[in-house]
Every structure is written in C-alpha cells, then in structure tokens.
Amino acid sequence: AQSVTQLDSHVSVSEGTPVLLRCNYSSSYSPSLFWYVQHPNKGLQLLLKYTSAATLVKGINGFEAEFKKSETSFHLTKPSAHMSDAAEYFCVVTVSGNTGKLIFGQGTTLQVKP
Amino acid sequence: EPEVTQTPSHQVTQMGQEVILRCVPISNHLYFYWYRQILGQKVEFLVSFYNNEISEKSEIFDDQFSVERPDGSNFTLKIRSTKLEDSAMYFCASSVPMGTSYNEQFFGPGTRLTVL
C-alpha cells in the first residue's frame with residue numbers, strides 16, 4: 001500500500017528565509033510524487049511532480065523538491081519565503097499510473113511572518 | 001487558462017436528504033475524479049471515472065454515492081441520503097488531455113457540504 005507522511009503539521013518562517021516542508025512516502029512500487037498547494041478558498045494547485053526522471057524537480061514559484069529513494073523522502077524547499085507562500089501544502093503519491101488515484105498526506109500549513 | 005469549476009461553493013442540507021454536487025471538468029480531459037476532505041483530516045480519494053464508467057472507487061464510495069456525466073460536460077456526485085459524517089469539502093478533478101500521455105490532475109475549488 002502507498003502512503004505519505006508529512007512530518008510537520010505547521011511550519012512558520014520569516015519572509016526571506018528558507019522553507020523546508022518534509023515528506024516521507026511508502027510505496028511498494030516506483031511512485032510518482034507531487035506537491036500541491038492550497039490557498040484559502042482556492043482549489044489545489046500543482047507545485048511540482050516527480051515521475052522517475054530527474055531526482056531534483058523544479059516547480060512553480062521557486063519551489064523545488066528532491067526525490068531520495070534511500071530515505072523515501074520528497075522534501076519541498078524554497079530558498080527565500082514570500083508572504084504569498086502562506087498556504088496549505090500537500091505531499092501526494094500515486095502508483096497507479098498517470099490516471100490513478102492520488103494519496104494525500106495530512107498537509108502542512110506554512111505561515112510566513114513579515 | 002482552462003479550469004475545473006464546481007457548484008455550489010457551499011451546500012447545506014438536512015440529514016437524509018439527497019444532494020448533487022456539480023463539476024465542469026476541463027473540456028478535453030478524459031479522466032474525472034472526486035475527492036473529499038473532512039475538516040481537519042486528509043484529502044481522500046472517492047472515485048475515478050473514465051469512458052463513462054467508474055474505473056476505481058474507494059471503500060468510502062458505498063451505495064449511497066453515485067457519479068454521472070450526464071451531458072458530456074458536467075460531472076456530478078450524488079449522495080442519496082446524507083449523513084452527518086458526509087459533511088466535508090468535496091473536490092472534483094480532471095486529467096489527461098486527449099492526445100497526450102499524461103498530465104497532472106487539475107482540481108476545482110471545492111464544494112463545502114454541511115449536513116445538519
């Protein structure tokens with residue numbers, strides 16, 4: 001069975017400082033991994049995806065994530081937080097091909113302080 | 001830019017009533033999904049739909065739930081007799097433009113269902 005664990009339910013950073021949102025996955029097969037972001041009253045937006053190509057994945061708005069098979073991790077990072085990054089972030093896994101169900105982590109709320 | 005839309009944004013209903021949540025997926029997509037998020041919990045997969053039939057469903061998706069694509073544009077989720085525990089945010093998603101091998105699932109903004 002596949003699952004994801006987001007290690008922090010809430011992360012608070014100051015504007016301009018680095019962001020690290022942690023995610024570990026469990027999968028019996030080669031996973032596809034995603035990070036989605038949800039701003040208040042908005043739908044879920046894809047930040048980036050890993051689908052067995054390069055292990056360092058770059059996404060929108062300066063975010064990136066590194067797939068580490070040995071650590072079963074897919075942590076999300078950004079060098080410098082912006083106020084507009086404040087949102088809920090979800091780490092997601094799927095192994096049922098590209099049209100299969102998504103399995104979500106619990107979510108991490110990112111707070112950005114001025 | 002094309003987007004998935006959902007109506008209504010908020011639905012309040014009495015326990016035991018039927019509700020229909022509506023979604024308009026991106027027009028050239030082939031796969032359609034419903035997910036839900038109970039307050040404070042994970043987003044959970046409910047069902048996927050392709051070629052006018054259910055391709056996968058979760059154990060949550062019991063006989064009280066049904067999905068339909070009645071007219072080639074709308075994708076609906078019906079709950080026949082709502083329970084208090086059906087209160088949640090329901091997200092619709094679509095994926096896979098025709099002519100491409102893969103793409104992400106695009107999500108709508110959600111419908112908040114409150115069962116009283």
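Throughout, protein chains are lettered first and strands after them, A, B, ... in sequence-line order, and every chain is numbered starting at 1. What you see is a predicted model, and the numbers here were worked out from it, not measured in a lab.
- Grouping the Ile, Leu, Val, Met, Phe, Trp and Tyr side chains by contacts below 4.5 angstrom, directly or via other members, places A:V13 with A:F63.
- Residues B:F75 and B:L113 share a single hydrophobic cluster, defined by chaining ILVMFWY side chains whose heavy atoms lie under 4.5 Å apart.
- Shown here is B:L39, whose CG atom has no more than 12 heavy atoms of other residues, nucleotides or ligands within 6.0 Å.
- Using a 4.5 Å heavy-atom threshold, the side chains of A:Y36 and B:E104 count as touching.
- Criterion: ILVMFWY side-chain heavy atoms under 4.5 Å apart, direct or through other members. Under it, B:L21 and B:F45 are not part of a common hydrophobic cluster.
- In this structure, no portion of B:Y50 lies under 4.5 Å from any heavy atom of chain A.
- Put simply, the side chain of B:Q37 does not reach to within 4.5 Å of the side chain of A:F104, judged on heavy atoms.
- Within the 3.5 Å criterion, the main-chain N or O of A:L102 finds a donor-acceptor partner in the side chain of B:Y35.
- Of the inter-residue distances, the one linking A:Q38 atom CD with B:F91 atom CZ reads 4.5 Å to the nearest 0.5 angstrom.
- Residue-environment remark: CG (B:D63) stays at or below the threshold of 12 foreign heavy atoms within 6.0 Å.
- In this structure, OG on B:S58 lies 7.5 Å from NZ on A:K101, to the nearest 0.5 angstrom.
- Residue B:E44: no heavy atom, backbone or side chain, is found under 4.5 Å from chain A.
- No continuous path of ILVMFWY side-chain contacts below 4.5 Å connects B:I20 to B:I54, so the two sit in separate hydrophobic clusters.
- Between the CD atom of A:Q106 and the NZ atom of B:K42 there is a distance of 5.0 Å, given to the nearest 0.5 Å.
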